[in-house]
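One structure is given below, encoded as structure tokens.
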Amino acid sequence: MVFTVYNSLTRQKEPFQSLQAGTVRMYNCGPTVYGRAHIGNMRAYLFADTLRRWLEYRGYAVQQVMNITDVGHIQADADEGEDKIEAQAKKENKDPWAISRGWTELFFKDLQALGVRPAMIYPKASDHIPEMLEMIDGLLAKGYAYQVDGDVYYEVGRFPAYGRLSGNKVEELDAGARIEVREEKRHPADFALWKSDPRHLMKWKSRFGEHGFPGWHIECSAMSRKHLGNRIDIHTGGEDNIFPHHECEIAQTEAFTGQPFANFWMHCKFLQVDGGKMSKSLGYVWNLDDIRARGFDIRALRYCLIRGHYRAPLNFTWEILKESVSALSNLDDLVVRLRNASRGMGASASAEDGLEEVSDLIAEFESGMDDDLNTPRALAALFQLRTAVLEGRLGVSAAAAALQFVLKANSVLGVIRTEEANLAAEVEALIAARQEARKRKDFKESDRIRDTLLAQGIVLEDTPQGVVWKQKG
RNA sequence: GGCGGCAUAGCCAAGCGGUAAGGCGACGGAUUGCAAAUCCGUUAUUCCCCGGUUCGAUCCCGGGUGCCGCCUCCA
């Protein structure tokens, strides 16, 4: 099987191939740290995490880089010379550096809570000003950029491929009424590489002046180049990054290096809430604490976010999150069942039974993931595996093989509770006591024990083969 | 105005030319001391609407409608 991915650049699915055999160099667009990341942002980071995990499952060593944008960008009313981080700093009456530091820490905590594996490095824009200036100098020298007083702009017209990723045409962009025409620009679509403004709080000295700061797009070009080299395999981001951000990155990097930048561009669609856009004014912008405040495990959110394909819009409601809890606990249960069956309990009489079915389902899981990370298909294969154990179609060998597989599959999905709880001794004693009580028809006592265990999160199940226990939720 | 995506059961969500996966929920029955879990059965004659191509369309083409994204910071 070949891992096939949808490449935004070519608008079609292509077999994935890395530049260097066995290694994947991947850059993920990360957060701008001026506020709390919400569950929509999480979808994008989880998508990158799933991609990384699947590549690892397929045997690649993945060099993953995710940027932290701590410099901030100019807001719509650029006349103010203010960016989002500075605006937040003024609002909170704090130092902008403290703002970005605080949100960065929270960002990492949120990722950890979601079970996202850490990237190799999380470069900060503010640590890469020299690298950005180096590229800006190079672009000026090659004639792709021009200077107007203390500002430097990228001249879009000099890069013929500009618009290839987004499908936008420079002439059409011109027609769009929403681009603010700035007199000093040669073309309205030209974008800033460097800006000068003494009022800016986060500023650096350069040959363009005492008080300057970088444009938004240049940081990713500079940081991916520094940490992954001139050419990379995959670049990811949310669908909103396609234009202008990624379009501009391509223009900058390729003009500077003279080489193709990323071979594969992958973008995930937005998460919707109640079937509509996540809207701050409607109060629909949830973060991890909101999920917790409603009594949900973050694990359930992770399930909720991978239950749909990354390239289709996904809807979020509290009802759906509740459904996710049930579905996920059945996946947890799958592991318990397989573990029991692999030890003979509930297994089919013949040890070899079900081996073929298990290998078919493994193939189904893998071909789903190979098909542009089709997590819903992969999940469906797992649920079918559950039906197979419950219906007693798996023998001891098949159950053991299936268990191994589910553990491996979970190294990609990262949602299932797979560890075996180790309070077995006490539980076994209580279960035995309950069985004694049931034998005596002392149901008051047996129910009391059952309730006691339930209060500890242990659910008992009376089966013809005996009593099975498992952890709840 | 330009560019792109999505529309499948009560709620989610795969499939994308050969006659509708999977999950959650619901209902009926079995099992149980009672539960839970589990088992059996039922839950879309049909895939937003209208045309067209085809032996055949949820899947292709044309036209609508609705929602989402980008063109301005945004996952």
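Just so we're on the same page: letters track the sequence lines, and every chain starts at 1.
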message: Salt bridge check, A:D289 against A:R36: does any charged N sit closer than 4.0 Å to a carboxylate O?
response: yes

Taking pairing as Watson-Crick or G-U wobble with both contacts under 3.5 Å, can you name the mate of [N], or confirm there isn't one?
N: B:C70; value: B:G2
N: B:G56; value: none
N: B:C48; value: B:G64
N: B:U32; value: none
N: B:U42; value: B:A26
N: B:A9; value: none
N: B:G17; value: none

- prompt: Distance check: side-chain N/O of A:N374 vs OP1/OP2 of B:G15, anything under 4.0 Å?
  reply: yes

message: Expressed as a whole number of angstroms, how long is the span from A:Y34:OH to B:A75:P?
response: 6 Å

query: What is the distance from CG of A:N168 to P of B:G4, rounded to the nearest Å?
result: 9 Å

I want to verify a distance call: between [options], whose nearest atom is closest to the [X] side chain?
X: A:R377; options: B:C11, B:A37, B:A14; value: B:A14
X: A:K269; options: B:U38, B:C11, B:G5; value: B:G5
X: A:K277; options: B:A21, B:C68, B:G33; value: B:C68
X: A:D462; options: B:C34, B:G23, B:A13; value: B:C34
X: A:N315; options: B:A75, B:G23, B:C12; value: B:C12
X: A:A380; options: B:A21, B:A36, B:G23; value: B:A21
X: A:R337; options: B:A37, B:A35, B:G69; value: B:A37
X: A:R434; options: B:C70, B:A13, B:A35; value: B:A35
X: A:R307; options: B:C34, B:C12, B:C24; value: B:C12
X: A:P376; options: B:G5, B:A14, B:A75; value: B:A14

Has the side chain of [X] got a donor or acceptor that lies under 3.5 Å from a partner of the other kind on the base of [N]?
X: A:E323; N: B:G23; value: yes
X: A:R450; N: B:C34; value: yes
X: A:D447; N: B:G33; value: yes

- prompt: Can you tell me if A:T4 and A:D372 form a side-chain donor-acceptor pair at under 3.5 Å?
  reply: no

- prompt: Going by atom types only, do A:H246 and A:H267 share a side-chain donor-acceptor pair under 3.5 Å?
  reply: yes

- prompt: A:F270 stacking on B:G69: centroids under 5.5 Å, ring planes under 30°?
  reply: no

- prompt: Would you call A:F443 stacked on B:G33, i.e. ring centres under 5.5 Å apart with the planes less than 30° off parallel?
  reply: yes

message: With rounding to the closest Å, how many angstrom separate the P atoms on B:A44 and B:C34?
response: 33 Å

More than 12 heavy atoms of other groups within 6.0 Å of A:E356 CD: no

